[in-house]
Amino acid sequence: MANVRLDGLYKRYEDVVAVNDMNLEIEDGEFICLVGPSGCGKSTTLEMVAGLTSPSEGTVHISDTDVTEFPPKDRNIAMVFQNIALFPHMDVYDNVSYGLRLRSVPKDDIDDRVGRAMEILQLEGMLDRMPAELSGGQRQRVAIGRAIVRDPEVFLLDEPLANLDAKLRVHMRTELQRIQRELDVTTVYVTHDQAEAMTMSDRIAVLNNGRLQQFAPPLECYDRPANLFVAGFIGSPSMNQVHGRVENGVFESESFDVDVAESGVEDDTEAVFGVRPEDVYPAWRTEDVTEWSRGITTTVDVMEPMGDEIFLYLIPERLSRRGDAAVIEGEEGEQQTLLMAVDPDADVAEGDQIEVVFDRTKSHLFDAETGEALVHSLQPEPPEVEKGD
Ligand code: ADP
């Protein structure tokens, strides 16, 4: 059991800053995910915790001990990688016990630890199997078993499920959570998959360009994203983001206007309005919405039936009136259509005109210059309630 602390951690390569001033405090027994797009510095951060890469600056503490200069073997960590490297000519028992045998751990002790790991991993009865006789998920569990028997203080996992097929990946997510809870061991898990991070972790550390963007529980990242990057990265499909300006208490854009007078955001602010697809409603459904914006007339451009819901790509009337395809498509990938999620039985077709409203309590404003969140509701924030334990 151990806490992990990263203080002012940097990793500089010749022309890149792979990790830029990382500060993280991971609690004892916590399961955290480092998540972000490819190249954002997740693996480099994990490797610095493991001792496989030395930081250019900053420190790593495990169990309140400064381990920055310690080699990996003295850190009491175990790592599982994306590529499962089992020895093909050894059976499960020999694969799992390999590290312990190298360190001349007594045979009885090895048998105890392997037995317990097999139980946790639900691999009992498979000790004699060769890797070729195992499924992908079982092979991954054997690799985890090899990490478990070392009885580490900290588990480090780098995209361990990336090579598994989609169904098995979802199953293994639940398995890993169960295993982690049973072992109650501090875990740092690297993934580029925001859904994996959302479902598995106690807290998510969202990274971009080597920098920490937000470190919070999954739902907080989802409901109260710290900035535009987190708003766009967490959640699928992404939050709608529309550029505009706040003037006289109204957010004005090329697509629509929204009254933001009660949000406390000052006039003359270049802002980005954000709303998740599930917080956009057809105006006929407003009985479900506690607080909604004024109706916006739109045309259904494209429908994407997903089975449990339908995604509608809507073109606000104001944009289509301008009649210019380039305006509708937006410049440099800037979003102009509005994405809305509706029930699968909704009576809509491409080309239909529909009026939509936003849930004002789930509408966000971001500073267009810095990207930082300004408000997460257009209603005045309710007074803070004292939280009891
Ligand atoms: P992620 O795991 O998020 O995909 P990495 O931590 O692997 O990202 O890499 C972060 C950045 O550092 C990338 O731009 C990558 O190209 C760079 N980088 C990683 N390792 C090295 C290295 N050994 N030499 C030079 N650049 C590296």
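Residues: numbered from 1 along the sequence shown. Here the structure is a predicted model, which is why all the values come from computation and not from measurement. First listed ligand is number 1; within each ligand, the first listed atom is number 1.
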Original post:
Hey, which atoms in ligand 1 end up nearer than 4.0 Å to a heavy atom of G39?
Top reply: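 Here the atoms of ligand 1 in question are 1 (P), 3 (O), 4 (O), 8 (O), 10 (C), 11 (C), 13 (C), 14 (O).
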**OP:** Among I310, D352, I315, find the one that has a side-chain contact (heavy atoms from CB on, under 4.5 Å) with V300.
**Re:**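 Only one option passes, and that is D352.
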Subject >> N or O pair under 3.5 Å between T45 and ligand 1 >> reply: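 There is no such contact.
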**OP:** Indicate yes or no: does an N/O atom of C40 lie under 3.5 Å from an N/O atom of ligand 1?
**Re:**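 Yes; the residue has a nitrogen or oxygen that sits under 3.5 Å from a nitrogen or oxygen of the ligand.
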**OP:** Return yes if a side-chain donor-acceptor contact under 3.5 Å exists between D359 and T361, otherwise no.
**Re:**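 Yes, T361 and D359 have a side-chain donor paired with an acceptor closer than 3.5 Å.
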Subject >> Option nearest atom 17 (C) of ligand 1 (shortest heavy-atom distance, choices V16, D15, L46) >> reply: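 Minimum heavy-atom distance to atom 17 (C) of ligand 1 goes to V16.
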Original post:
Of the listed options (G41, S38, G210, S43), which comes nearest to atom 2 (O) of ligand 1 when hydrogens are ignored and any heavy atom counts?
Top reply: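 The option holding the nearest heavy atom is S43.
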Which residue and non-hydrogen atom of the protein lie closest to [atom], and at what distance in Å?
atom                    : value
atom 12 (O) of ligand 1 : A18 CB, 3.2 Å
atom 23 (N) of ligand 1 : Y13 CE2, 3.5 Å
atom 9 (O) of ligand 1  : T44 OG1, 3.7 Å

Original post:
So, do F273 and F358 have ring centers that fall under 6.0 Å from each other?
Top reply: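 So the answer is yes for these two rings.
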Original post:
Closest approach of S263 and V375, non-hydrogen atoms and distance?
Top reply: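 Closest approach of S263 to V375: O-CG1, 3.4 Å.
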Subject >> N/O donor-acceptor pair under 3.5 Å between R318 side chain and S253 backbone >> reply: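 At least one qualifying donor-acceptor pair exists.
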Subject >> Shared hydrophobic cluster, V348 / V280 (ILVMFWY, side-chain heavy atoms < 4.5 Å) >> reply: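 In one cluster with V348: V280, yes.
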Subject >> Salt-bridge present (D268, R245; N to O < 4.0 Å) >> reply: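 Looking at R245 together with D268, the answer is yes, because their closest N to O distance falls below 4.0 Å.
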**OP:** Would you verify that at least one protein heavy atom lies under 4.0 Å from atom 15 (C) of ligand 1, or report that none does?
**Re:**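 Given the 4.0 Å limit, the answer for atom 15 (C) of ligand 1 is no, no protein heavy atom qualifies.
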**OP:** Check whether any protein heavy atom sits under 4.0 Å from atom 5 (P) of ligand 1.
**Re:**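 Yes; the ligand atom in question has protein heavy-atom contact below 4.0 Å.
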